[in-house]
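So you know, we letter chains A, B, ... as the sequences are listed, proteins then strands, and number each from 1.
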2 protein chains.
Amino acid sequence: MRIRDVAERCEVSTATVSNVMNNKGRVSPETAERVRASIKEMGFSPSQSARSLKTDRTHLIAVIVPFLEKGKLHDNPFYWNLVSGVEAGARSRKLNVLLTGVDEETETFSFITERQLDGVIVVGTHEGSRTMEEVLARKVPTVFMDSFIQSAHVSRVTIDDEKGGWLGAGHLLDLGHEKVAVVTGKLEGNGVSRERLRGVKRAFMERKVPFPDDLIIERPVNMAHARSLAKELKESGATAVFSFSDVAAMGLLKGFAECGVSVPGEISIVGYDNLFFSDYTHPSLTTVAQDVEEKGQIAVDLLFDQIEGRPSSKTVLDVKLIERESTAER
Amino acid sequence: MRIRDVAERCEVSTATVSNVMNNKGRVSPETAERVRASIKEMGFSPSQSARSLKTDRTHLIAVIVPFLEKGKLHDNPFYWNLVSGVEAGARSRKLNVLLTGVDEETETFSFITERQLDGVIVVGTHEGSRTMEEVLARKVPTVFMDSFIQSAHVSRVTIDDEKGGWLGAGHLLDLGHEKVAVVTGKLEGNGVSRERLRGVKRAFMERKVPFPDDLIIERPVNMAHARSLAKELKESGATAVFSFSDVAAMGLLKGFAECGVSVPGEISIVGYDNLFFSDYTHPSLTTVAQDVEEKGQIAVDLLFDQIEGRPSSKTVLDVKLIERESTAER
DNA sequence: TTTAAGTGGTTAAACGATTAACCGATAACT
DNA sequence: AGTTATCGGTTAATCGTTTAACCACTTAAA
């Protein structure tokens with residue numbers, strides 16, 4: 001069914017029907033009503049393809065999520081929340097969301113230009129990555145989330161990671177822990193972790209406690225890695241662990257339980273993200289919390305500003321510490 | 001940049017360029033090569049809008065996920081895995097995925113026709129829901145996942161839920177538990193749970209153990225609900241719980257820990273889904289496992305069959321029981 | 001020698017919207 | 001009376017592809 005069918009039925013021109021649908025041009029209230037009625041009765045809905053072809057707007061944005069392993073979307077629940085927030089933000093702006101996983105190394109990004117996306121939101125990448133270069137090369141409005149970017153002209157939304165690191169470490173220090181192991185994940189190219197670590201060091205500095213550099217665990221850690229890492233940490237002399245993700249923290253919890261280390265009795269743990277399960281682990285996780293859904297919303301706001309040609313600003317969201325059961329005095 | 005620009009540069013017609021891109025029609029190897037080279041050099045990529053307009057194919061499918069609460073995608077990690085599987089399947093079929101959350105009651109489904117989607121995958125709904133009616137009314141290829149549908153002509157992919165129920169209950173019965181509470185979630189309209197329950201009852205029947213009807217917990221349960229439910233169950237006389245979702249099971253674990261009930265010492269728990277955290281809870285969860293990602297893949301396969309006009313069949317995937325620490329002999 | 005088939009293209013008409021430019025009829029000002 | 005706005009539309013070009021129909025030329029078959 002085409003706009004012409006509606007036009008014929010109402011005995012007006014297609015232009016008028018178009019004007020009614022878009023509240024543009026001049027059309028008398030009566031005609032408008034007649035047209036609207038017909039549209040409803042006929043169940044007509046205009047072709048977005050034809051529309052986009054003419055207007056150069058698709059009302060389509062993509063959220064690009066890196067793969068964890070071959071062909072599989074990053075299964076950290078953290079990402080799901082992020083995406084959920086983006087979806088909600090997009091919905092309120094009448095945008096649709098294309099969900100695309102990419103393999104950072106091999107993927108093709110042609111869909112951006114082919115689909116003439118109004119914009120893209122990239123999560124979890126970093127300066128110099130192929131993903132970032134390919135996306136920016138397409139010169140389409142872009143917002144980066146949870147990515148480490150230095151370049152000033154790139155728009156992004158981040159949380160105050162330095163503060164997060166400072167809060168977590170400060171909490172442990174205040175409890176009397178000085179030998180704090182920090183599970184950062186891969187640091188190279190990952191500025192998010194780098195920022196957090198900076199905050200951690202500041203907390204140590206402010207309290208004039210020497211920072212135990214040898215206790216930084218820089219390897220990438222998922223749940224399984226963290227589980228086996230626990231055995232290592234047991235021997236390390238650390239009395240507390242600050243894990244830069246709750247997922248890893250949960251793995252640690254399991255690992256410690258398995259080798260008979262009591263948390264928080266012998267070792268305290270602070271996590272990061274406050275995921276949906278963080279209050280349900282045993283013991284529940286003290287963690288640095290961020291509002292992931294809000295983050296997604298804001299990303300869309302920023303993207304929308306760019307799409308509409310408005311100047312957009314970098315947005316930094318606050319974090320807070322949630323104290324639960326996994327930390328205790330030394 | 002248009003196809004015409006490429007055509008002019010190569011001194012051929014647009015038709016030829018189009019033919020080269022689609023490997024159609026007759027074009028000499030040399031010309032084809034010349035065209036391909038130009039396309040690459042110029043960085044040309046064809047407009048999907050224009051293409052769709054002419055061909056009536058968008059290579060776009062939607063996965064429709066119900067909202068958990070207002071404006072927020074269902075945050076069960078289960079859904080994320082499902083969607084991840086769909087994304088992977090779509091990728092291998094050169095389809096893009098539109099992610100859309102819907103509020104079962106109020107949402108508009110016009111995007112299906114407006115975007116002329118090639119097909120949609122609906123998760124987590126049931127026969128008679130507004131979502132199902134609205135989607136089917138649009139007469140677009142559709143596959144339902146994790147939805148309870150009786151109608152024969154509707155294509156869907158499910159797991160063998162009856163068997164899952166039978167496996168879980170059988171396991172508990174074999175351990176000597178007879179007073180088994182079953183946390184089903186809302187049963188009304190939810191055939192998935194209904195099927196599982198049927199399996200549970202069969203297990204009891206086969207062993208000639210009377211099924212304790214009064215221990216069915218039919219309320220909808222998320223993690224928080226389950227946590228408080230634990231207190232209730234403590235008083236119920238049940239020696240085991242079969243929870244139809246690992247998320248709820250995790251809540252129960254926390255709840256039991258809080259009111260001093262040892263698992264599996266005093267109460268055994270069997271979950272369902274085998275989510276990414278199920279091996280990391282304390283104790284780890286015995287659970288009925290399904291391959292959620294494979295499920296997503298198969299959904300796309302089924303959808304693709306429909307799109308291409310091939311007959312498609314209902315697919316039922318197998319489940320298996322994974323024994324971990326949360327169950328023990330009575 | 002005529003006819004048929006194959007080769008490597010080209011031409012031009014769609015697809016279904018949007019929108020600038022135009023148009024006739026009143027109404028309102030000088 | 002003559003000019004100018006305003007109102008409520010219409011006409012037709014356009015967006016960037018695909019594709020059926022056509023064409024000129026060569027080769028093969030009858």
Side-chain angles (χ1 to χ4, degrees), chain A residues 1-39 42-60 94 96 110-118 140, chain B residues 1-39 42-60 94 96 110-118 140:
Chain A
M1 192 175 347
R2 302 149 306 166
I3 204 177
R4 189 185 310 166
D5 301 317
V6 178
E8 279 166 11
R9 187 183 215 258
C10 302
E11 291 170 311
V12 294
S13 71
T14 65
T16 298
V17 178
S18 172
N19 280 331
V20 169
M21 290 193 302
N22 303 301
N23 306 311
K24 271 186 187 169
R26 287 177 297 237
V27 35
S28 76
E30 303 86 57
T31 314
E33 206 33 67
R34 232 174 58 232
V35 170
R36 259 189 280 272
S38 293
I39 289 179
M42 307 173 72
F44 167 74
S45 78
S47 149
Q48 195 42 248
S49 298
R51 226 171 215 182
S52 301
L53 187 56
K54 191 68 172 100
T55 61
D56 260 335
R57 282 283 298 259
T58 55
H59 300 277
L60 196 62
K94 304 221 168 301
N96 281 127
S110 55
F111 67 94
I112 296 178
T113 33
E114 284 179 14
R115 295 241 178 241
Q116 287 173 250
L117 300 180
D118 283 352
V140 75
Chain B
M1 191 174 351
R2 303 148 305 166
I3 206 178
R4 189 186 311 166
D5 300 317
V6 178
E8 280 166 9
R9 188 184 215 257
C10 300
E11 292 171 312
V12 294
S13 71
T14 64
T16 298
V17 178
S18 172
N19 280 332
V20 169
M21 290 193 302
N22 304 301
N23 305 312
K24 271 187 186 171
R26 287 178 298 237
V27 33
S28 77
E30 302 87 58
T31 314
E33 206 32 68
R34 231 174 58 233
V35 171
R36 259 189 280 273
S38 291
I39 289 179
M42 306 173 73
F44 166 75
S45 78
S47 149
Q48 198 36 255
S49 297
R51 231 172 211 182
S52 301
L53 186 56
K54 191 66 174 117
T55 61
D56 261 333
R57 282 281 300 257
T58 55
H59 300 277
L60 196 60
K94 305 225 168 296
N96 282 126
S110 55
F111 67 95
I112 297 178
T113 34
E114 284 180 14
R115 295 241 178 241
Q116 287 173 250
L117 300 180
D118 283 354
V140 75

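For the pair Ile39(A) CD1 and dA17(C) P, the interatomic distance rounds to 10 Å; values are reported in whole Å. What separates CD of Gln48(B) from C1' of dT18(D) is a distance of 12 Å, to the nearest Å. The interatomic distance linking Asn23(B) (CG) with dG9(C) (P) rounds to 15 Å, in whole Å. Protein atom CG of Asp56(A) is 16 Å distant from nucleotide atom P of dT14(D), rounded to whole Å. Between the CG atom of Leu53(B) and the C1' atom of dT14(D) there is a distance of 12 Å, given to the nearest Å. Rounded to a whole Å, the CZ atom of Arg34(A) is 13 Å from the P atom of dG8(D). Rounded to whole Å, the distance from CE on Met21(A) to C1' on dA17(C) is 7 Å.
Considering every non-hydrogen atom in both Phe111(B) and Asn96(A), the closest pair reads CB-OD1, 4.2 Å. Scanning all heavy atoms of the two residues, the minimum distance from Met1(A) to Met42(A) falls at CE-O, 3.2 Å. Scanning all heavy atoms of the two residues, the minimum distance from Ser18(B) to Ile3(B) falls at N-CD1, 3.8 Å.
Considering only heavy atoms from C-beta on, Arg115(B) stays 4.5 Å or farther from Thr58(B) through its side chain. The side-chain heavy atoms of His59(A) and Glu114(B), taken from C-beta on, include no pair separated by under 4.5 Å. Side chains of Thr113(B) and Phe44(A) form no contact here, defined as non-hydrogen atoms less than 4.5 Å apart.
Atom-to-atom distance recorded for Cys10(B):SG and Ile39(B):CD1 is 7.5 Å, nearest 0.5 angstrom.
Considering only side-chain N and O atoms, Thr31(A) lies under 4.0 angstrom from the phosphate OP1 or OP2 of dG9(D). Proximity of Ser28(A) to the phosphate of dG9(D): a side-chain N or O atom is located under 4.0 Å from OP1 or OP2. At the phosphate of dT18(D), OP1 or OP2 sits under 4.0 Å from a side-chain N or O atom of Arg51(B). Between Asn22(A) and dT18(C) there is a side-chain polar atom (N or O) within less than 4.0 angstrom of OP1 or OP2. A close approach under 4.0 Å does not occur between any side-chain nitrogen or oxygen of Ser18(B) and OP1 or OP2 of dT17(D). The side chain of Lys54(A) contributes no N or O atom lying less than 4.0 Å from OP1 or OP2 of dG16(C).
Summary of the strand contacts: Asn19(B) and Arg2(B) both lie near DNA chain D, and taking for each the nucleotide with the nearest heavy atom, the more 5' one is attributed to Arg2(B). If you find the closest nucleotide of DNA chain C to Ser45(A) and to Glu30(B), the one lying nearer the 5' end belongs to Glu30(B). Between Gln116(B) and Val27(B), the residue whose closest nucleotide on DNA chain C is further toward the 5' end is Val27(B).
Among the heavy atoms of the strands, none lies under 4.0 Å from Ser49(A). Within the 4.0 angstrom heavy-atom criterion, base atoms lie near Arg26(B). Nucleic acid contact for Ser52(A): none, since no nucleic acid atom lies under 4.0 Å from a heavy atom of the residue.
The Ala50(B) side chain lies nearest to dT17(D) when the options are dT18(D), dT17(D), dG16(C).
Looking at residues 3-16 of chain B, you'll see Val12(B), Ser13(B), Ala15(B), Thr16(B) sit with a heavy atom under 4.0 Å from some atom of DNA chain C.
Atom CZ of Arg4(B) sits in a sparse spot, with 12 or fewer heavy atoms from other residues, nucleotides or ligands closer than 6.0 Å.
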